[in-house]
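Everything on this sheet refers to the single structure shown next.
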Amino acid sequence: RVLTHLTKNFPHPSTLSDMAWRGLDCRRAGDSAATAFPPASDLTRWSLEVAEGRQVWRYVQPGERMQNPVASRYHVGLDINDAVAAAELQAASTAATSSASSSSSPVEQGLRKGVRFFSLLQTADGHWAGDYGGPMFLLPGLAITTYITQTALSAEFRAEAVRYLSNMQAADGGWGIHIESQSTVFGTALNYVVMRLFGVPAADARLQRARGWLATRRGCLGIPSWGKFWLAVLNVYSWEGVHSLFPEMVLLPEWFPLHTRRMWSYCRTVYMPMSFVFGARFQAPLDPLIRELRSELIFEPYDAVDWKSVRDFIAPEDLYTPHTLPLRLFYKAVDAYEYIAPRWLRNRALKWCYAVLEKEDEFTNFIDIGPVNKVINMLCVWLEKGPDSREFKQHEERLVDYLWVGRDGGKMNGTNGSQLWDTAFMVQALIECPIREEFKDVFKKANDYLDLTQIQKNHPNHAKYYRSPTKGGWPFSTRDMGWIVADCTGEGLKGALICKKHKYTTTPLSDDRIFDAVNILLLMQNATGGYATCEETRGWHFFEWFNASEVFGEIMIDYDYVECTSSALSALCLFKEMYPTHRTREVDRAIRKGTRYMLNVQRADGSWEGLWGVCFTYGIWFGVEGLVDAGLPVTHEAIRKACDFLVSKQKEDGGWGETFMSCVTRQYVQHPKSQVVNTAWAVLSLLKADYKDVAVIRAGVRLLLQRQTAQGDWLQESICGVFNKNCMISYSNFKNVFPLWALGRFAEKYPNDEVFA
């Protein structure tokens with residue numbers, strides 16, 4: 001019934017603006033009618049259940065008690081007016097003793113309202129849940145794997161996923177690599193498959209338009225390599241149209257420069273299970289729906305396709321990283337090898353690939369490092385161990401960790417969430433607010449989450465399976481996920497130190513656990529002085545010559561990043577302040593090396609390129625924060641140049657705004673409209689640098705206050721996260737955390753400033 005409703009009752013997209021249709025500005029807080037397509041389920045029944053950071057959306061019975069009722073309503077787009085009114089009433093009743101006053105400055109009023117609102121969304125276990133969607137190639141892997149393995153997804157989630165794809169479909173009928181990109185064959189072909197697997201008939205107007213877009217591009221034949229992989233698995237495409245994934249690469253000596261061990265963790269954990277599936281040449285049994293998909297996505301007879309000729313055929317809309325000469329030569333060699341590959345050697349390689357992915361499952365409690373390898377690993381386990389195995393059942397049980405129900409529908413998050421990341425930032429934002437004493441309980445709950453999330457062990461025999469030590473580090477999301485990240489460790493450590501220093505918790509982290517965090521940060525620093533993500537850099541840049549993704553940039557090894565380096569640097573500086581005698585020489589050396597790296601990677605124009613956020617405002621914020629924390633004087637040329645760059649990009653309304661194209665082109669691209677997140681990053685940077693022209697900063701603060709809603713929220717604006725240059729990702733909590741941080745820092749520095757005077 002729900003799918004019939006989805007098919008018949010949606011407005012035609014031509015009646016909507018292209019921008020709204022892509023979802024850029026339609027995800028409005030508290031307004032379920034803001035998306036183009038109406039809810040496909042009863043939104044009041046979606047309950048966000050949390051336990052030690054784990055986020056699971058459950059469709060409850062009417063009247064059933066919810067664990068986080070306010071957060072649940074907010075995230076699906078229902079109003080939370082009653083909760084906001086109750087919080088305001090309680091605040092008013094204690095105003096006389098809390099120093100809250102109607103006579104406080106506009107900044108402090110907005111700050112108090114904003115923190116009060118955001119604290120309502122803090123979950124029972126102390127973190128802030130959020131939408132971490134955006135990429136449009138995640139749901140397809142989920143849909144294909146669950147279809148093949150006959151794993152059940154609830155009818156309500158499938159219906160909401162169809163609504164999400166309907167909201168994200170572009171006016172031209174396609175889907176992009178992410179929710180704001182132009183249409184691509186990668187996004188269009190794979191999300192067409194999702195719609196069909198989730199029950200939408202081929203005659204549906206949305207799918208007719210998608211086929212029309214594909215028809216002018218030879219259908220799905222020009223899909224990039226990851227898409228070729230998934231369509232071959234589903235038996236819509238032939239393995240003959242896929243270049244060899246050369247599973248035997250894992251058998252090379254570990255000293256070999258191109259050994260799998262040297263790959264970036266996210267790349268390695270995807271390509272190893274991909275190689276296992278490729279080596280097994282698995283394809284789904286041909287059934288009527290798959291036959292229909294062949295005819296709908298390939299605009300010529302399937303048996304007449306020259307599959308070898310389309311191995312290198314990538315649609316122009318999709319191609320971001322062209323094949324290099326070394327990669328083309330490599331493909332010629334390994335494609336030829338496929339004809340003579342000894343079965344015993346192939347089996348040995350597949351056995352080792354499977355052994356490593358088994359340990360990935362074990363070390364991450366079957367969550368895995370991300371959604372791509374999660375569903376491929378799940379498929380591998382189904383193939384190797386069977387649907388009734390304990391391992392496969394555990395994979396099924398952890399699928400829901402990735403599913404998110406938002407204002408625009410059901411989607412798959414880019415990890416199992418961003419819980420630690422957002423919570424650590426909020427602790428730092430709140431400590432800079434002059435009203436922090438009013439929100440001690442927020443600190444306490446956040447500290448509890450930081451406490452339970454720190455990873456306190458190394459995985460057994462980790463080096464054998466290409467893993468680095470993890471004891472003392474923090475993950476991006478939850479402890480169960482099992483992967484630490486350098487910047488998350490830095491931010492987590494700062495949050496824990498703040499709560500301990502200011503005595504906002506009765507259960508601070510012990511000195512030994514803080515020392516463990518410092519030990520892992522010292523261990524993760526590269527010889528350059530910089531920090532990569534999950535591991536130290538193991539390979540060389542020439543590995544990038546073999547980037548076969550076509551759609552991502554710089555994925556082959558773990559590079560140094562200004563964000564990771566700044567986070568680690570600031571954490572070590574705060575640690576040194578609180579523990580001046582612990583490993584003093586090593587800490588001082590790491591700070592010096594990190595400072596030198598940060599100065600070396602600053603561009604001549606004064607900017608730093610952000611590699612995980614959009615983009616130069618993000619990179620500059622990290623650059624300035626890290627260097628000033630490390631003791632660089634604000635009069636230093638590097639700080640002055642960074643400020644000058646920011647001021648040169650300020651818009652007429654006082655704000656800052658970049659589009660995601662800054663990340664794609666690696667040059668600053670102005671957004672038509674100022675963005676609150678970019679503005680907050682710029683304001684934070686200028687305040688940290690003690691920029692003398694307060695009028696510049698005041699204009700940014702004024703914009704943040706003008707954009708704040710009456711409840712204290714900020715509306716979702718354009719996407720602000722990125723990975724691998726060409727794919728964007730959502731950080732829905734950034735629109736609250738960073739404006740609050742900027743307002744708090746301004747109020748502390750200029751307590752009596754009348755920004756609207």
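Basis for what follows: all heavy atoms, side chains included, without hydrogens, waters or symmetry-related copies. Positions are given from 1 along the sequence.
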Check: Arg112 side chain, Gln109 main-chain N or O, donor-acceptor pair, under 3.5 Å: no

Parallel, tilted or perpendicular: which describes the rings of [X] and [Y], with under 30° parallel and over 60° perpendicular?
X      : Y      : answer
Tyr579 : Phe575 : parallel
Phe542 : Trp540 : parallel
Tyr266 : Trp264 : tilted
Trp681 : Tyr618 : tilted
His582 : Phe515 : parallel

Please determine, by modelled atom types, if [X] and [Y] share a side-chain donor-acceptor pair under 3.5 angstrom.
X      : Y      : value
Asn733 : Ser418 : no
Trp421 : Glu491 : no
Asn526 : Thr528 : no
Ser730 : Asp131 : no
Glu317 : Ser183 : no

Lys/Arg-Asp/Glu bridge criterion (N-O < 4.0 Å) met for Arg666, Glu554: yes

Ion pair Lys735/Asp713, N-O distance below 4.0 Å: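 Judged by the 4.0 Å cut-off on N to carboxylate O distance, Lys735 and Asp713 do form a salt bridge.
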
Of Tyr320, Phe137, Phe552, the residue whose pairing with Phe186 passes ring pair (Phe, Tyr, Trp, His ring centres under 6.0 Å):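 Among Tyr320, Phe137, Phe552, the one that satisfies the ring pair (Phe, Tyr, Trp, His ring centres under 6.0 Å) with Phe186 is Phe137.
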
Steps toward side-chain contact (heavy atoms from CB on, under 4.5 Å) verdict (Phe622, Trp608): CA-CA 8 Å; Phe622 274 102; Trp608 283 273; over 6 Å; no

Side-chain touch Ile179/Met728, heavy atoms, less than 4.5 angstrom: no

Those residues that, when tested against Phe443, pass ring-ring contact (aromatic ring centres under 6.0 Å, His included) (two or more places apart): Tyr504

Geometric cation-pi criterion, Lys593 with Tyr597: 6.0 Å, 45°: no

Gap separating the CD1 atom of Ile455 from the OG1 atom of Thr489, nearest 0.5 angstrom: 8.0 Å

Reported CD1-to-SG distance for the pair Ile484 and Cys534, which is rounded to 0.5 angstrom: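 Nearest 0.5 Å value for the CD1-SG distance: 8.0 Å.
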
Glu536 CD: over 12 foreign heavy atoms closer than 6.0 Å: yes

Verdict with supporting geometry, Glu625 and Lys494, salt bridge (charged side-chain N to carboxylate O under 4.0 Å, His left out): CA-CA 13 Å; Glu625 291 280 338; Lys494 283 189 281 183; over 6 Å; no

Verdict with reasoning, Arg702 to Asp653, per salt bridge (charged side-chain N to carboxylate O under 4.0 Å, His left out): CA-CA 9 Å; Arg702 189 181 302 124; Asp653 61 7; over 6 Å; no

